[in-house]
Protein chains: 2
Amino acid sequence: MRMTNPNFLNGVPEMLVLKLLSRREMYGYEIVKAIQAETGETLTFGEGCIYPCLHYLEKEKLVTSERREVAGRSRNYYVLTVRGTKRLEELTADWSRVHSGISLLLKGQHA
Amino acid sequence: MRMTNPNFLNGVPEMLVLKLLSRREMYGYEIVKAIQAETGETLTFGEGCIYPCLHYLEKEKLVTSERREVAGRSRNYYVLTVRGTKRLEELTADWSRVHSGISLLLKGQHA
DNA sequence: ACACCATACCTTAAACCGTAAGGCTTCGTC
DNA sequence: GACGAAGCCTTACGGTTTAAGGTATGGTGT
């Protein structure tokens with residue numbers, strides 16, 4: 001469904017997760033903290049958002065995961081796939097368009 | 001509820017409607033078309049989104065409405081209230097923060 | 001020894017919001 | 001007299017996030 005607008009305005013978490021994973025592999029808990037830190041504390045998505053998102057991404061083969069034991073901790077490391085890279089490009093393009101559209105209206109000087 | 005993030009990522013329609021009304025009074029159908037036109041066709045919110053939004057804004061006293069007959073057409077004109085003006089300022093500030101946060105992460109060169 | 005918090009994974013119920021798809025009426029045009 | 005545009009409206013549905021839980025291990029302080 002959803003034929004008019006791109007999947008943003010929601011869907012931001014998916015983009016941010018993919019972006020983080022494009023830089024290096026990360027595990028879920030780390031991603032939750034990273035989003036908080038790297039958005040300058042302006043955005044916080046809880047685990048109840050990020051974990052389901054990761055599971056969805058894996059199901060869609062946009063990422064792969066590998067369980068690893070580190071320092072007595074069991075972690076699920078996620079790695080971006082080629083499909084995931086393409087998806088990230090689409091999403092960032094969508095986001096850019098949405099932002100431009102909103103800016104147009106907000107800054108517009110129409111009657 | 002909703003304590004962590006501002007009400008954006010959804011809530012964009014509310015901001016755009018308030019912004020349009022801050023420039024001049026408008027009626028619902030006109031607003032639907034205006035959003036499409038003034039965002040450069042990038043955003044389209046249907047009537048099923050905008051009408052309930054207007055009703056909500058009125059209930060919250062962020063706008064007032066007045067029914068008027070124009071050219072044989074019955075239109076509901078909406079006017080921003082003082083409260084609505086303040087709300088618009090809050091929302092645009094939130095939006096700005098969200099955009100900044102996302103930009104930080106997207107452009108960040110972290111490890 | 002014990003408490004407690006951080007790390008690390010997970011799930012679920014509820015709320016929220018936008019879409020799609022309809023319905024109604026009047027006006028103008030072909 | 002049909003049809004689309006202008007104008008108002010509502011409802012069912014689906015997707016997404018939040019809040020709030022649950023589990024287990026490790027480290028720290030007392």
Side-chain angles (χ1 to χ4, degrees), chain A residues 1-18 25-37 39 42-60 65-78 91 94-95 98 101-102, chain B residues 1-17 25-37 39 42-60 65-78 91 94 98 101-102:
Chain A
M1 307 306 132
R2 186 176 305 257
M3 304 187 58
T4 51
N5 290 329
N7 195 15
F8 263 110
L9 322 179
N10 3 343
V12 169
E14 179 180 350
M15 176 175 67
L16 298 189
V17 168
L18 289 173
E25 62 175 17
M26 293 178 84
Y27 54 97
Y29 190 80
E30 184 184 17
I31 290 172
V32 171
K33 302 299 180 188
I35 289 180
Q36 207 170 163
T39 59
T42 55
L43 297 182
T44 299
F45 295 106
E47 301 179 15
C49 172
I50 297 304
Y51 283 122
C53 177
L54 286 168
H55 300 159
Y56 162 80
L57 292 175
E58 184 166 21
K59 187 167 65 81
E60 295 293 320
S65 78
E66 186 196 340
R67 194 143 211 146
R68 222 178 292 162
E69 303 292 327
V70 180
R73 301 292 183 177
S74 181
R75 294 172 176 171
N76 253 336
Y77 279 92
Y78 290 91
L91 292 180
D94 283 348
W95 170 250
V98 167
I102 292 177
Chain B
M1 306 308 132
R2 189 176 301 257
M3 304 187 56
T4 52
N5 291 328
N7 196 15
F8 263 110
L9 320 178
N10 3 341
V12 169
E14 180 181 349
M15 176 175 66
L16 299 189
V17 168
E25 63 174 17
M26 293 178 84
Y27 55 96
Y29 191 79
E30 184 184 18
I31 291 172
V32 170
K33 303 298 180 189
I35 290 180
Q36 207 169 162
T39 60
T42 57
L43 297 182
T44 300
F45 296 106
E47 301 179 16
C49 172
I50 297 305
Y51 283 122
C53 177
L54 286 168
H55 300 159
Y56 162 80
L57 292 174
E58 184 166 22
K59 186 167 65 81
E60 295 294 320
S65 78
E66 186 197 341
R67 194 146 210 144
R68 222 176 293 162
E69 304 292 328
V70 180
R73 300 290 186 178
S74 179
R75 294 173 176 171
N76 251 337
Y77 279 91
Y78 289 91
L91 293 180
D94 283 347
V98 168
I102 292 177

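In what follows, chains carry the letters A, B, and so on, assigned in the order in which the sequence lines appear, proteins first and then strands, with residues in each chain numbered from 1.
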### Query
So, is Asn76(A) close to the dC10(C) phosphate, meaning a side-chain N or O under 4.0 Å from OP1 or OP2?
yes
### Message
Is any side-chain heavy atom of Tyr77(A) closer than 4.5 Å to one of Val70(A)?
### Response
yes
#### Entry: Interatomic distance, Arg75(B) CZ vs dA6(D) C1' [rounded to whole Å]
8 Å
### Task
For Gly28(A) and for Gly48(B), locate the closest nucleotide of DNA chain C by heavy-atom distance; then report the residue assigned to the nucleotide nearer the 5' terminus.
Gly28(A)
### Query
Just how far, in rounded Å, is C1' of dT18(D) from CG of Asn10(A)?
14 Å
### dT11(C) OP1/OP2 closer than 4.0 Å to side-chain N/O of Tyr51(A)
no
### Arg68(A) vs Glu25(A) side-chain heavy atoms within contact, under 4.5 Å
yes
### Query
What's the CD1-P distance between Ile50(A) and dC10(C), to the nearest Å?
13 Å
### Query
Would a 4.5 Å heavy-atom cut-off, applied to side chains only, mark Ile102(A) and Met15(B) as touching?
yes
### Query
Are any of Arg73(A)'s side-chain N or O atoms less than 4.0 Å away from OP1 or OP2 of dT7(C)?
no
### Query
Can you check the Arg67(B) CZ to dT25(C) C1' distance for me, whole Å?
11 Å
### Message
For a quick test of reading the model: is some side-chain N or O of His55(A) closer than 4.0 Å to OP1 or OP2 of dC10(C)?
### Response
yes
### Query
Taking only side-chain nitrogens and oxygens of Tyr29(A), does any of them come within less than 4.0 Å of OP1 or OP2 of dT7(C)?
yes
### Message
With heavy-atom distances below 4.5 Å as the criterion, would you say the side chains of Leu54(B) and Glu58(B) are in contact?
### Response
no
### Summary
5'-most contact on DNA chain D (nearest-nucleotide basis), Leu54(B) vs Val12(A), goes to Leu54(B)
### Message
What is the distance, to the nearest angstrom, from the OH atom on Tyr78(A) to the C1' atom on dC10(C)?
### Response
10 Å
### Message
For dC8(D) and Tyr27(B) - does any side-chain N or O of the residue sit under 4.0 Å from the phosphate oxygens OP1/OP2?
### Response
no
### Task
Just call it for Glu47(A): base, sugar-phosphate, or nothing, with non-hydrogen atoms closer than 4.0 Å on any strand.
base
### Task
For Lys33(A) and dT7(C), give me the distance from atom NZ to atom P, rounded to whole Å.
6 Å
### Message
Output the rounded distance in Å from CE (Met15(A)) to P (dT16(D)).
### Response
14 Å
### Message
If you assign each of Gly11(A) and Gly72(A) to its closest nucleotide in DNA chain D, which residue comes earlier from the 5' end?
### Response
Gly11(A)
### Query
What is the distance, rounded to the nearest whole Å, between atom CD1 of Ile31(A) and atom P of dT7(C)?
15 Å
## Note on the structure
To the nearest 0.5 Å, atom OH of Tyr29(A) lies from atom NZ of Lys33(A) at 4.0 Å
### Task
Name the nucleic acid region contacted by Ser65(B), choosing base, sugar-phosphate or nothing; use a 4.0 angstrom heavy-atom cut-off, strictly under.
nothing
### Query
Base, sugar-phosphate, or nothing: which does Arg68(B) touch, judged by heavy atoms less than 4.0 Å apart?
nothing
